[in-house]
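Here's the structure, in structure tokens; my notes come after.
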Amino acid sequence: MTNDFTQISCLAGFQGQEVTLAGWLYQSRSSGKIQFLIIRDGTGLCQCILEKGKVSNKLFEQLKHLGQESSLTVTGIIHADERSVGGYELVVTDAEIISVTTDYPITPKSHGIDFLLKNRHLHLRSQRQWCIGKIRHTLIDAIRRFFNDNGFTLIDTPIFTAMAAEGEQTLFEADYFGTPMHLTQTGQLHLEAAAMSFGKVYCFGPTFRAEKSKTRRHLTEFWMVEPEVAFIDLNGLLELAENFVSFIAAKVLQNNKGELETLGANITALEQTKAPFYRLTYTEVVDILTSEKTQKFLTRQLENLQNTKQQLETQIGELENEQKGQIKQWQKDKIAAELIELNAALAELNTKIENNPKHAKLATEFQWGRDLGGSDETIISQMHDKPVFVTHYPKEAKAFYMKTDRENDKVVLNFDLLAPSGFGEIIGGSVREDDYDLLVARIKDYGLDIENYQWYLDLRKYGSVPHGGFGLGVERTIAWLTGERHIRQCIAFPRLMDKVYI
RNA sequence: UCCCCGAUAGCUCAACUGGUAGAGCGAGCGGCUGUUAACCGCUAGGUUGUAGGUUCGAGUCCUACUCGGGGAGCCA
């Protein structure tokens with residue numbers, strides 16, 4: 001059946017020709033003797049024009065009363081028309097209704113997030129979620145392409161695992177025929193074993209973390225790609241990471257510019273995502289955070305926020321006055337809708353204004369040795385227009401497997417990559433400890449059961465080499481690329497800390 | 001886990017200091033030959049999250065609970 005239908009994304013090649021589209025009614029408007037049906041077919045949107053007299057009266061009346069998301073096929077001639085979504089429109093000569101929908105719950109008006117998540121199975125059809133899905137697809141394809149084209153071998157690491165790698169309090173427990181097991185937090189440890197066989201490897205799959213984190217940056221189930229390379233040092237890893245991120249950003253820009261535009265992404269900023277990225281050590285970051293420059297930066301930011309707040313309040317005041325005046329009811333309602341949006345923006349601004357001094361205080365009082373908090377990362381990330389590497393964190397703040405810097409044993413050879421303009425961390429990586437005795441000591445220091453790590457220690461016994469790798473969070477990367485505020489919109493069926501919808 | 005905010009029609013929201021519920025969208029019907037979240041007219045639609053309390057009277061005040069949103073800590 002599929003082969004007979006023309007895809008909306010390919011309409012450019014069919015001007016003046018008659019085609020048949022198969023899809024769903026995305027939206028319709030009628031104006032007496034003319035109807036505008038917007039059809040969605042999974043590849044795009046197309047406005048279909050229905051004129052009275054050009055089709056049978058029966059069909060005209062049926063289509064006039066057809067509910068949103070009804071499925072149908074439409075036949076007609078394609079014309080270019082800039083008034084139309086997508087640039088082409090179809091003048092209908094015939095149509096066949098496949099399935100009638102009544103009372104589709106998601107209307108073209110605004111909805112709350114709880115409602116949309118409860119209806120995620122339907123919300124996936126919306127233009128926004130569709131755009132994000134297309135971008136996600138490109139991103140994942142680009143990730144695989146990059147590693148495949150650069151000599152990496154894909155290794156599928158297990159999801160059931162006995163070991164902890166990232167802190168035991170964030171493990172999901174599973175009952176494995178009576179034996180306690182965990183869902184994987186990372187494929188890294190197994191990947192290190194594979195790297196000693198293939199040299200350059202990567203794994204790509206779902207990852208589970210039971211973090212009690214109810215933020216716009218956290219999911220309990222997320223997708224992570226992790227490369228691991230034998231014979232590499234920290235600089236080599238940074239180069240790999242910046243080439244990788246530049247590549248995937250470029251691919252998304254190349255394939256999904258339209259989707260990025262629809263989503264309101266900052267395309268000019270993304271175009272600057274080219275290696276080399278900025279490089280700072282943790283110690284430099286601490287200096288920056290506690291510097292006067294940062295305080296000034298935050299003060300200026302606060303002033304800007306307050307100015308914006310004032311403008312918003314003035315705007316809201318004007319609208320409220322307008323609303324009281326002698327105007328039509330529908331105009332009042334339009335203003336009411338605008339007010340809701342403005343008030344939401346105001347609430348967000350207020351949160352930022354409230355947080356600014358707290359963040360400023362946290363930054364000034366920052367002491368060497370602590371891990372960077374979310375707000376600290378945000379500040380550093382806001383001060384830069386390209387991704388920033390932060391390297392050489394204090395040993396105590398990081399995982400047991402990270403290699404101690406032989407020139408300064410207080411720090412490890414690790415890095416985080418912060419996406420610019422306030423998006424925060426998208427990559428975490430490190431050189432791995434390759435010395436048997438040092439690794440044993442670290443495992444003991446962390447209070448981990450050494451029995452569980454025997455095979456991992458073997459890797460340091462039989463031909464140990466300097467090696468390392470990193471992990472990139474797919475949903476966070478999508479949030480950064482698209483400018484989407486919340487990570488839950490960046491995966492089709494999100495799993496949140498205290499809520500799994502469908 | 002902690003702090004702040006919220007819950008009113010299918011959806012998004014109104015209802016000034018306590019006085020018995022109101023719009024838009026959506027749905028149904030009608031009008032309009034170029035609409036872009038179209039517009040105009042009519043109709044239907046509610047035990048105000050749950051349980052108590054204060055009061056002559058509670059959507060509005062108080063208490064507890066449930067659910068949701070935002071933020072913090074921790075992280076990709």
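Chain identifiers are assigned alphabetically (A, B, ...) following the order of the sequence lines, protein sequences preceding nucleic acid strands; residue numbering begins at 1 within each chain.
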Query raised in the report: For A38(B), does either OP1 or OP2 sit under 4.0 Å from a side-chain N or O belonging to Gln27(A)?
Result: yes
**Report entry** Ring-ring centroid check Phe222(A) Phe208(A), cutoff 6.0 Å
**Finding:** no
Requested in this report: First locate atom CG of Asp156(A), then atom CZ of Phe204(A), and finally report the distance between them rounded to the nearest 0.5 Å.
Outcome: 11.5 Å
Query raised in the report: side chain to side chain donor-acceptor pair (under 3.5 Å) with His392(A): which residues, sequence neighbours excluded?
Result: none
**Report entry** Euclidean distance, atom CD of residue Gln35(A) to atom P of A38(B) [Å, nearest integer]
**Finding:** 14 Å
**Report entry** Which nucleotides of RNA chain B pair, in dot-bracket form (Watson-Crick or G-U under 3.5 Å, | meaning another strand)
**Finding:** (((((((..((((.....[..)))).(((((.......))))).....(((((..]....))))))))))))....
Quick one: side chains of residues 348-358 of chain A, donor-acceptor pairs under 3.5 Å with protein atoms, not counting sequence neighbours, listed by atom name and distance.
residue   : atom : partner   : partner atom : Å
Glu348(A) : OE2  : Arg485(A) : NH1          : 3.4
Asn350(A) : OD1  : Lys309(A) : NZ           : 3.0
Asn350(A) : ND2  : Leu346(A) : O            : 3.4
Thr351(A) : OG1  : Ala347(A) : O            : 2.9
Asn355(A) : ND2  : Thr351(A) : O            : 3.4
Asn356(A) : ND2  : Leu298(A) : O            : 3.2

Requested in this report: Whole angstrom is fine here: how far is it from CZ in Arg488(A) over to P in G68(B)?
Outcome: 12 Å
Query raised in the report: Which nucleotide in the list G70(B), G68(B), G26(B) gets nearest to the side chain of Thr351(A)?
Result: G70(B)
Query raised in the report: From the list U1(B), A76(B), A27(B), which nucleotide is the closest neighbour of the side chain of Glu425(A)?
Result: A76(B)
Report summary line: Protein-proximity profile, nucleotides 3-9 of chain B, B/S/- by nucleotide at the 4.0 Å heavy-atom cutoff, equals -------
Requested in this report: Drop me the distance from Ile38(A)'s CD1 to Gln127(A)'s CD, to the nearest 0.5 angstrom.
Outcome: 9.5 Å
Requested in this report: Tell me whether the OP1 or OP2 atom of G68(B) has a side-chain N or O from His111(A) closer than 4.0 Å.
Outcome: no
Query raised in the report: Arg495(A) has an atom CZ; how far is it from atom P of A76(B), in whole Å?
Result: 22 Å
**Report entry** Nearest-angstrom distance from the residue atom CD of Glu377(A) to C1' of G73(B)
**Finding:** 13 Å
Report task. Could you check how far CG of Asn119(A) sits from C1' of U12(B), rounded to whole Å? Result -> 14 Å
Atom pairs and distances, side-chain donor-acceptor, residues 55-67 of chain A, under 3.5 Å, sequence neighbours left out:
residue  : atom : partner  : partner atom : Å
Ser56(A) : OG   : Leu59(A) : N            : 3.1
His65(A) : ND1  : Glu61(A) : O            : 3.1

Requested in this report: When you get a sec, tell me which of A37(B), C74(B), G70(B) is the closest nucleotide to the side chain of His218(A)?
Outcome: C74(B)
**Report entry** Length of the line joining Lys398(A):NZ and C75(B):C1', which is rounded to integer Å
**Finding:** 8 Å
Report task. Could you work out which one of G69(B), C75(B), A72(B) sits closest to the side chain of Asn355(A)? Result -> A72(B)
Write down the protein N/O and nucleotide N/O pairs, taken from nucleotides 32-35 of chain B, whose separation is under 3.5 Å; answer none if there are no such pairs.
residue : atom : partner  : partner atom : Å
C32(B)  : N3   : Gly32(A) : N            : 3.2
C32(B)  : N4   : Ser30(A) : OG           : 3.2
C32(B)  : N4   : Gly32(A) : N            : 3.2
G34(B)  : O2'  : Arg83(A) : NH1          : 3.4
G34(B)  : N1   : Arg83(A) : NH2          : 3.4
G34(B)  : N1   : Glu89(A) : OE2          : 3.0
G34(B)  : N2   : Glu89(A) : OE1          : 2.8
G34(B)  : N2   : Glu89(A) : OE2          : 3.3
U35(B)  : O2'  : Arg29(A) : NE           : 3.1
U35(B)  : O2   : Arg29(A) : NE           : 2.8
U35(B)  : O2   : Arg29(A) : NH2          : 3.3
U35(B)  : N3   : Gln47(A) : OE1          : 3.1
U35(B)  : N3   : Gln47(A) : NE2          : 3.0
U35(B)  : O4   : Gln47(A) : NE2          : 2.8

